[in-house]
Amino acid sequence: MSELTLNVIRLGLLALLWAFVFSVVGALRADLWGTRVMTRPGGRRDTRPVRPARARRRGPSHLTVVAGSLRGTTVPLQESGLLIGRNPECSLVLTDDFASGRHLRIVPGPDGEWYAEDLGSTNGTFVDNRRITEPTRLGEGTQIRVGQTVLELQR
């Protein structure tokens, strides 16, 4: 091979190496600090009907950590929903290494039930031992696994 060909191959490999390094740094940054959420002016508004608070009292009223490092921790379910992950901005801040910064959101649905939505986490969210990819309805006693932490909806 000519010297020019070897130099082109070396530069190509160097460029690939730097692309790999930047992608790893970007993934680490997103996992540590979460994704940046931007709202557009005049954006889409939430059109779900607002239900009175007493309509929710029949179902689960709080979320309890039943397994993991935060076992015994209880968080009340709120009409605005719960954000679960490792970021300090979350309603329930997990110390689980397998949880993403913004891992899971639990929100009330228009039918009065609660729904779990995975926020594009790396290791996934499991509801009753099934990995979820879309908003999934939750009932009382439903177990949600985020990494090594198990959460349960209770009255």
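A quick note: this is a predicted structure, and the numbers were derived from the prediction, not measured.
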(Q) So, taking the atom named CG in Leu138 and the one named CG in Leu153, what distance separates them when rounded to the nearest 0.5 Å? (A) 5.5 Å
Under 3.5 Å, side-chain donor or acceptor atoms of residues 94-101 against the rest of the protein: list the pairs with distances, not counting sequence neighbours.
from: Thr95; atom 1: OG1; to: Ser69; atom 2: OG; distance (Å): 2.6
from: Asp96; atom 1: OD1; to: Phe98; atom 2: N; distance (Å): 2.9
from: Asp96; atom 1: OD2; to: Gln148; atom 2: N; distance (Å): 2.5
from: Asp96; atom 1: OD2; to: Thr149; atom 2: N; distance (Å): 3.1
from: Asp96; atom 1: OD2; to: Thr149; atom 2: OG1; distance (Å): 3.1
from: Ser100; atom 1: OG; to: Thr122; atom 2: N; distance (Å): 3.4

Q: Go through Gln143 and Val66 one step at a time and tell me if the side-chain contact (heavy atoms from CB on, under 4.5 Å) criterion holds.
A: CA-CA 9 Å; Gln143 289 198 342; Val66 295; 4.1 Å; yes
(Q) Within this structure, what is the CD-CG distance for the pair Gln78 and Leu63, rounded to the nearest 0.5 Å? (A) 11.0 Å
Q: Sequence neighbours left out, what passes side-chain hydrogen bond (donor to acceptor under 3.5 Å, both in side chains) with Thr5? Give chain and number order.
A: Ser2
Q | CA sep, side-chain torsions, deciding dist, call: Arg86, Arg102, side-chain contact (heavy atoms from CB on, under 4.5 Å) | A | CA-CA 7 Å; Arg86 290 190 339 208; Arg102 293 170 43 101; over 6 Å; no
Q. Which residues pass the ring-ring contact (aromatic ring centres under 6.0 Å, His included) test with Phe22, sequence neighbours left out?
A. Trp18
Q.
Just to verify, what does Arg137 make a salt bridge (charged side-chain N to carboxylate O under 4.0 Å, His left out) with, not counting sequence neighbours?
A. Glu113
Q: Say whether Val75 and Leu104 are linked into one hydrophobic cluster, either directly or through other cluster members, by side-chain heavy-atom distances under 4.5 angstrom.
A: yes
Q: Starting at CG of Leu11, measure out to CG of Leu6 and round the result to the nearest 0.5 Å.
A: 11.0 Å
Q) Rounded to the nearest 0.5 Å, how far does OG of Ser80 lie from CZ of Arg105? A) 11.0 Å
Q: Taking all non-hydrogen atoms of both residues into account, name the closest pair between Ser91 and Gly81 and its distance.
A: OG-O, 4.4 Å
Q: Could you identify which residues cluster with Phe126, counting Ile, Leu, Val, Met, Phe, Trp and Tyr as linked when any side-chain heavy atoms lie under 4.5 Å apart, either directly or through a chain of such contacts?
A: none
**Q.** Spacing of Ile144 atom CD1 and Ile132 atom CD1 [to the nearest 0.5 Å]
**A.** 7.5 Å
(Q) Taking CZ in Arg71 as the centre, count heavy atoms belonging to other residues, nucleotides or ligands within less than 6.0 Å. Is the count above 12? (A) no
Q | Atom pair OG1 (Thr125) and CZ (Arg131), whose distance is rounded to the nearest 0.5 Å | A | 8.0 Å
Q) Cluster question for you: counting only ILVMFWY and a side-chain heavy-atom cut-off of under 4.5 Å, with indirect links fine, are Val93 and Val65 together? A) no
Q: With sequence neighbours left out, write down each residue that passes salt bridge (charged side-chain N to carboxylate O under 4.0 Å, His left out) with Arg145, or none if nothing qualifies.
A: none
Q: Show your working on side-chain contact (heavy atoms from CB on, under 4.5 Å) between Leu82 and Val107 and close with a plain yes or no.
A: CA-CA 7 Å; Leu82 291 177; Val107 293; over 6 Å; no
Q | Transitive ILVMFWY side-chain link Val146 to Leu83, under 4.5 Å | A | no
**Q.** Cluster overlap Val21 with Leu14, hydrophobic side-chain contacts below 4.5 Å
**A.** yes
Q. Sequence neighbours excluded, which residues qualify as side-chain hydrogen bond (donor to acceptor under 3.5 Å, both in side chains) partners of Thr64?
A. Gln154
Q: Check side-chain hydrogen bond (donor to acceptor under 3.5 Å, both in side chains) between Ser121 and all other residues, then give those that pass, not counting sequence neighbours.
A: His103, Asp118
(Q) Checking one residue: Phe20. Which other hydrophobic residues are in its cluster under the side-chain 4.5 Å linking rule? (A) Val24, Leu28
Q | Residues that, via side-chain heavy atoms closer than 4.5 angstrom, fall in one hydrophobic cluster with Leu17 | A | none
**Q.** Asn129 atom CG, neighbour heavy-atom count above 12 within 6.0 Å
**A.** no
Q | Leu70 reachable from Ile84 in the ILVMFWY side-chain graph, under 4.5 Å edges | A | yes
